[in-house]
Amino acid sequence: MDGTSPTAPGDSGGGTSPDDRADHATEAFVAHRNLLFTVAYEMLGSAADAEDVLQETWLRWTTVDLDTVRDPRAYLVRITTRQALGRLRALGRRKESYVGPWLPEPLLTAPDVAEDVELADSLSMAMLLVLETLTPTERAVFVLREVFDLAYDEIAEAVDKTPAAVRQIAHRARAHVAARRPRGAVSPAETRSALEAFRRAVETGDLQSLLDILAPDVVLLGDGGGVVQAVLRPVVGADRVARVLASGLGRVAAAVSLRPAQVNGHPALVLRLDGALDTVMAVRIDDGLITGLYAVRNPEKLSRMERETTLRR
């Protein structure tokens, strides 16, 4: 993110007080924009929808009497959460008619995101897919509490629940996520090592080397969105995944390059075909083996791979 806000409506004159209020509103929004984008993206898994949420947040923020706002950050997070909840429900309906598996939109991220281990963990493709299994309210509560460490009473205002209800929802969401999230912490070095082995195996066509780094129950998901070719159903099992990859990449091996990149705070691979961005490949690793391969090919989801996105807590 470049840290700029949507254009604030101009004032035609007639007194300094309205101008001052507009300036203060703009300053507060710009100061917290990267945080608000991160909240929206964590809830939606879509940068395009997160940007729409920020636009809606800005429009509502400009109508607020700032004299009544004690904590601009908390107020803006509350607006963003409410807008994201509405968008999340609409996004759920869109996913029902989506062609093939739906994967989160990958973001090219700066090294500082990886340094914030908790933030990077919450942004991983694997974790975002786990969050997809929560209800919209559970996801909002989990993200605000576990990622952004908001107080229960602040979250209650954002999701229109009582603090007691929010505590119950948070407990339920934590248990749900704990049962499905990757097993144990995986260091960036371990991920890079696995990806490098994966890259060498794919580039050399060495099927056995590929099988050696895939877990027996590995799952390959491909997201082409009906725009480009991708697997339409999950491919399960090391042998099947290896053969699908070897077959698909083998046909275009001479024109393909695989290069490392920092995606959603984690090492990933970017596949270019004849120099053009074609696929972002993220992984889930458990016990040293690749258990999940996530190949995003939908061109509409690759625009954030051309420049780094700034994310904040």
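Only a predicted model underlies this, so the values are computations on that prediction, with no experimental measurement involved. Residue numbers count from 1 along this sequence.
Using a 4.5 Å heavy-atom threshold, the side chains of Leu144 and Asp149 count as separate. Here the side chains of Pro260 and Arg192 are not in contact, with every heavy-atom distance at 4.5 Å or above. Using a 4.5 Å heavy-atom cutoff, the side chains of Glu56 and Arg87 are in contact. Asp223 is not listed as a side-chain neighbour of Pro101, based on a closest heavy-atom distance of 4.5 Å or more. Within the 4.5 Å cutoff, the side chain of Ser257 has no heavy atoms near those of the Leu271 side chain. The side-chain heavy atoms of Asp160 and Arg82, taken from C-beta on, include a pair separated by under 4.5 Å.
Within the hydrophobic cluster formed by Ile, Leu, Val, Met, Phe, Trp and Tyr side chains joined at under 4.5 Å, directly or through other members, Leu103 is accompanied by Leu108, Met125, Leu129, Val219, Leu221, Val236, Val263, Val270, Leu277, Val280, Tyr294, Val296, Leu302, Met305.
Tracing side-chain contacts under 4.5 Å through hydrophobic residues (I, L, V, M, F, W, Y), one never reaches Trp102 starting from Val99; they form parts of separate clusters. No single ILVMFWY cluster, assembled from side-chain heavy atoms under 4.5 Å apart, contains both Leu214 and Leu289. There is a path of hydrophobic side-chain contacts, each under 4.5 Å, that joins Ile285 to Leu258. A continuous path of Ile, Leu, Val, Met, Phe, Trp and Tyr side chains, each step under 4.5 Å between heavy atoms, connects Val244 with Leu210, placing both in one hydrophobic cluster. Transitive grouping of hydrophobic side chains (ILVMFWY, heavy atoms separated by less than 4.5 Å) keeps Phe142 and Val117 in distinct clusters.
Considering CG of Leu150 and CZ of Arg78, their distance stands at 10.5 Å, rounded to 0.5 Å. In this structure, CG on Asp116 lies 10.0 Å from CG on Leu311, to the nearest 0.5 angstrom. Summarising the geometry, atom CG belonging to Leu76 is positioned 13.0 Å from atom CZ belonging to Arg60; distances are rounded to the nearest 0.5 Å. Atoms CZ and CD1, on Arg200 and Ile213 in that order, are 8.5 Å from each other to the nearest 0.5 Å. Taking NE2 of His24 as the reference point, atom CG of Leu66 lies at 8.5 Å (rounded to 0.5 Å). Distance check, rounded to the nearest 0.5 Å: CZ of Arg33 to OG1 of Thr310 gives 10.5 Å.
Thr80 places no side-chain N or O within 3.5 Å of a backbone atom of Leu36 that could act as its donor or acceptor partner. Side-chain atoms of Glu190 come within 3.5 Å of backbone atoms of Ser187 as a donor-acceptor pair (strictly under, hydrogens ignored). Judged purely by atom type and a 3.5 angstrom limit, Thr291 has no side-chain atom pairing as donor or acceptor with the backbone of Val218.
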Enumerate donor-acceptor pairs with a distance under 3.5 Å from any side-chain N or O in residues 162-169 to protein atoms, sequence neighbours excluded.
| from | atom 1 | to | atom 2 | distance (Å) |
| --- | --- | --- | --- | --- |
| Thr162 | OG1 | Ala165 | N | 3.0 |

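Across Ala47 and Tyr41, no two heavy atoms sit closer than the pair N-CD1, 3.8 Å. Nearest heavy-atom pair, Leu85 versus Pro136, reported as atom, atom and distance to 0.1 Å: CD2-O, 3.4 Å. A pairwise comparison of heavy atoms in Leu44 and Glu132 identifies O-OE2, 4.2 Å as the closest pair. Across every non-hydrogen atom of Ala282 and Ala268, the tightest pair is CA-CB, 4.3 Å. Minimum interatomic distance between Thr38 and Arg312 (heavy atoms only, all atoms of both residues): OG1-N, 3.0 Å. Nearest heavy-atom pair, Leu54 versus Ala40, reported as atom, atom and distance to 0.1 Å: CD1-CB, 4.3 Å.
By the 4.0 Å N-to-carboxylate-O rule, Arg272 lies too far from Asp278 to be salt-bridged with it. Ion pairing of Asp49 with Arg94 is present here, as a side-chain N (NZ or NE/NH1/NH2) and a carboxylate O approach within less than 4.0 Å. Using a cut-off of 4.0 Å between Lys/Arg side-chain N and Asp/Glu carboxylate O, Arg304 and Glu51 are scored as salt-bridged.
The residue from Met281, Glu196, Arg259 that alone fulfils the side chain to side chain contact (heavy atoms under 4.5 Å, CB included) condition with Leu269 is Met281. Of the candidates Arg139, Arg181, Arg174, Glu146 forms a salt bridge (charged side-chain N to carboxylate O under 4.0 Å, His left out) with just one, namely Arg174.
Within a 6.0 Å sphere centred on CD of Glu118, other residues, nucleotides and ligands contribute 12 heavy atoms or fewer. Remark: Glu203 CD is packed, more than 12 non-hydrogen atoms of other residues, nucleotides or ligands lying under 6.0 Å away.
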Test ring pair (Phe, Tyr, Trp, His ring centres under 6.0 Å) applied to Trp61 and Phe29, step by step
CA-CA 8 Å; Trp61 177 240; Phe29 188 89; 7.9 Å; no
Working note: Val53 + Trp58, criterion side-chain contact (heavy atoms from CB on, under 4.5 Å); need CA distance, chi angles, decisive distance, verdict.
CA-CA 9 Å; Val53 163; Trp58 164 252; over 6 Å; no
For Val113 and Arg313, what are the C-alpha separation, side-chain angles and deciding distance, and is it a side-chain contact (heavy atoms from CB on, under 4.5 Å)?
CA-CA 10 Å; Val113 176; Arg313 284 204 293 170; over 6 Å; no
Step by step, work out the side-chain contact (heavy atoms from CB on, under 4.5 Å) result for Glu105 and Glu300.
CA-CA 9 Å; Glu105 186 175 347; Glu300 296 174 3; over 6 Å; no
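With sequence neighbours excluded, no residue forms a ring-ring contact (aromatic ring centres under 6.0 Å, His included) with Phe198.
A donor-acceptor contact closer than 3.5 angstrom is absent between the side chains of Asn264 and Ser124. For the residue pair Arg297 / Thr279, a side-chain donor-acceptor distance below 3.5 Å is found, with atom types taken as modelled. If you check the side chains of Thr191 and His266, you find no donor sitting under 3.5 Å from an acceptor.
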